[in-house]
There are 2 protein chains.
Amino acid sequence: MSKDSPSKVSPNADSPNTTRQRRSSDQVTLSQVAQAAGVSPITASRALNYPDKVSDSARLSVLQAVEQLGYVPNLVAGSLASSRSRLIAVIVPSLINSVFVEVIKGLQETLEAEGYQILLGNTDYDLDREYQLVRTFLGWSCSALVTAGLRHNKACHTLLANWDHPIMEVMELGKGMDLNVGLDHVAAGRCMASHLIDKGYRHIVYVGARLSQDYRASMRFDGHQSVLKEKGLDAPLLELDTLGSLQAGAEGLTQVLAQYPHTQAIHFANDDLAAGALLAAQRQGLNVPKDIAIAGFNGLPLGQHVTPQLTTILSPREEMGRLAAKELIRRLSGKNVYRRQHDVGFTLQTGGST
Amino acid sequence: MSKDSPSKVSPNADSPNTTRQRRSSDQVTLSQVAQAAGVSPITASRALNYPDKVSDSARLSVLQAVEQLGYVPNLVAGSLASSRSRLIAVIVPSLINSVFVEVIKGLQETLEAEGYQILLGNTDYDLDREYQLVRTFLGWSCSALVTAGLRHNKACHTLLANWDHPIMEVMELGKGMDLNVGLDHVAAGRCMASHLIDKGYRHIVYVGARLSQDYRASMRFDGHQSVLKEKGLDAPLLELDTLGSLQAGAEGLTQVLAQYPHTQAIHFANDDLAAGALLAAQRQGLNVPKDIAIAGFNGLPLGQHVTPQLTTILSPREEMGRLAAKELIRRLSGKNVYRRQHDVGFTLQTGGST
DNA sequence: CGCTGTCATGATAGCGCTACCATTCGTTTT
DNA sequence: AAAACGAATGGTAGCGCTATCATGACAGCG
């Protein structure tokens, strides 16, 4: 009796100990909707996913049944069956730094409008953590993956290289694994350094925070350094061991003044640092830019509200997110992608601080 | 021939037109891992999900096979089978406002450490949008849902009320649907108003941005107003039609000075507004607090770096996220939850601006 | 009138995994 | 010695949905 005969043809017979108990999910299923609408499950599925593939009457009665039963599609089941999830993995190195949040914002408003959902991961600038996140996200059969930066560890690179969905690397411009939207940080560093030299400053210190982690800031230093070298100038670097913040900027100012008393200008790796230094200088009664000139990077709103206004480089962060999202959507909808690299550029914003 | 006989018992027979083609996912499956490890699929599953339910030897060979084949678990399939997803839906009204990002940060670091993943949604302060997001997220059979605030539209409320997973409402304290971690905004408004009165100010204007959306700011106004009323004072309100920002704060200052020339102090709905006003006052040569006192809410770092320092109310945002996450985890691991409401409190930070 | 093509619909068979039960085997209990 | 028990493992049957193919109805056409 325990051995059920396979020749049995009617499965709905009342066989005694064959019907297993499974957690009874009270969830309304598509089959129930279909039954209520008087169509087959597959037609109900089509009515919801490909509305123009069914007759008007069928679509109407399905939608009505959905409404009536309070049906909520089980996206997990749908994804498994179709191996399309409409999930987009987004991996950033930090949430404290508002720069990444703005990129996420741009991504999100564009992706959500197209019915995609964001799966968010934060690496805290740890590439091994990135690998773990990528593994998890691939497990969710995401439709695409967005990650900040072009550098990944070996395992992560291998995993992604064998993945057959779009990969979008943002923030920095360069030859990536697949799609790329960003800006040239070396050029940005050069741009600001040139500006400072044009303004007549000769003793210029670059101040960054955790450059080994925030390697894009160190790329900007590279650009900065190369310009100064070309002019035969020294390019001292001060690296802080905290994350970028107003507080760290204030400390950076103090340290620079102590270590390099002749400094005329400080090129900070970002606006948080620069604004912190500027506000600290004010508190100390220093005149900016006469006593010390200050420049930043990012173009945060804060820089435009301090006095004097902060000289900085504006990067189009939300725009970067939106463009990345648009390119992904284009790719996901099967269209050809003409350019795999997109330079969103940057703008020098000169303020009174230099 | 077209009518297939149901009595056929061996499905792997070479019947001509029966073997369907399905997209050949090159993905490594758990069965392959199991085969390589010389165990059954279910043992392989257990080795990965419940390591102490299998023998050491089995676990070892499974892990080895995983490594060797580069197996990445299909979490979609796992979720469908187990109806547990280890996804946590997080819904916030804004990503521009750093306050919510900090809560997300707190949630994330705690949840990720426990192997949960965040599904992020942004309502842009639109409750209908919240409903749509909730629907989608329920479709992903999330393990829990975190949302900002206690107010939801009717449909959303119904949906959530019938959902049998933990719901965590954060930011504001009150009787919610399930779990709640937040602070009392009315009390916070009262606190700041009392402080301003203690300082001797009598003509006090409250300035908020889009209060109908940011109803927590209007709760703070309610508190503010009640204190002033108790003292027999007028409580004028100026509502700006833009989102809170430094720029909006500067405009708020201008409008207040124009409309209420006798104003001695401005109570801003948040620090962005307050700092914007403070910096604008500085640019205009106004003395803070002699000419005009300024107070904010949130306790953003910026407030501590402007001169004079901004009087504000510090809310423990990351802590709120962490606590919310911990409570959720406790609930998800089946432990009893002692308190359904958690007051994270707030701290008045007096600076030179009042 | 048969042939082909298009359209709407349905039956079937999975997607990759895990819950549920059953089985085995070695150990403890009565 | 028999019975009871627990630990490790496996067979089976879904989870709820959709891809694939099959079918039937109907229009157009020589």
Quiz item: Are any of B/S45's side-chain N or O atoms less than 4.0 Å away from OP1 or OP2 of C/dT18?
Solution: yes
Quiz item: Counting only side-chain N and O atoms of B/R84, is one of them less than 4.0 Å from OP1 or OP2 of C/dT18?
Solution: no
Quiz item: Taking CG from A/L80 and C1' from C/dC15, how many angstroms apart are they, rounded to a whole number?
Solution: 4 Å
Quiz prompt | Geometric class of the B/F100/B/Y125 ring pair [parallel <30°, tilted 30-60°, perpendicular >60°] | solution = perpendicular
Practice problem: Measure the distance from CZ on B/R59 to C1' on D/dA7 and round it to the nearest whole Å. | Solution: 14 Å
Quiz item: Salt-bridged, B/R129 to A/E112, with N to O below 4.0 Å?
Solution: yes
Quiz prompt | B/N180-B/E169 side chain donor-acceptor pair, cut-off 3.5 Å | solution = no
Quiz item: Rounded to whole angstrom units, what separation is found between the CD atom of B/Q35 and the P atom of D/dG11?
Solution: 12 Å
Quiz item: Taking atom P of C/dG16 as reference, at what distance in whole Å does atom OH of B/Y71 sit?
Solution: 10 Å
Exercise. Could you tell me whether the side chains of A/T136 and B/Q117 share a donor-acceptor contact shorter than 3.5 Å?
Key: no
Quiz prompt | Interatomic distance where CD belongs to A/Q27 and C1' belongs to D/dG16 [whole Å] | solution = 8 Å
Quiz item: Quick one: is C/dT18 close enough that its OP1 or OP2 comes under 4.0 Å of any side-chain N or O from B/N49?
Solution: yes
Quiz item: Please give, in whole Å, the distance from C/dC15 C1' to B/L75 CG?
Solution: 14 Å
Exercise. Determine whether B/L159 and B/R135 make a side-chain contact, defined as any pair of heavy atoms from C-beta on separated by less than 4.5 Å.
Key: yes
Exercise. Rounded off to whole Å, could you give me the CH2-to-C1' distance for the A/W140 and C/dG16 pair?
Key: 13 Å
Look for any protein N or O under 3.5 Å of an N or O in nucleotides 5-9 of chain C and output each such pair with its distance, or none.
unit_1: C/dT9; atom_1: OP1; unit_2: A/S55; atom_2: OG; d: 2.9
unit_1: C/dT9; atom_1: OP2; unit_2: A/S55; atom_2: N; d: 2.9
unit_1: C/dT9; atom_1: OP2; unit_2: A/S55; atom_2: OG; d: 3.4

Practice problem: Examine D/dA7: is either OP1 or OP2 under 4.0 Å from a nitrogen or oxygen in the side chain of B/Y50? Give yes or no. | Solution: no
Quiz item: Using 4.0 Å as the upper bound for N to carboxylate O, is an ion pair formed by B/R59 and B/D52?
Solution: no
Quiz prompt | Position toward the 5' end of DNA chain C (nearest nucleotide), A/G38 or B/S79 | solution = A/G38
Practice problem: Measure from the side-chain heavy atoms of A/S82 and tell me the nearest of C/dT18, C/dC15, D/dT18. | Solution: D/dT18
Self-check item: SB check A/R340 A/E327 (cutoff 4.0 Å)
Solution: no
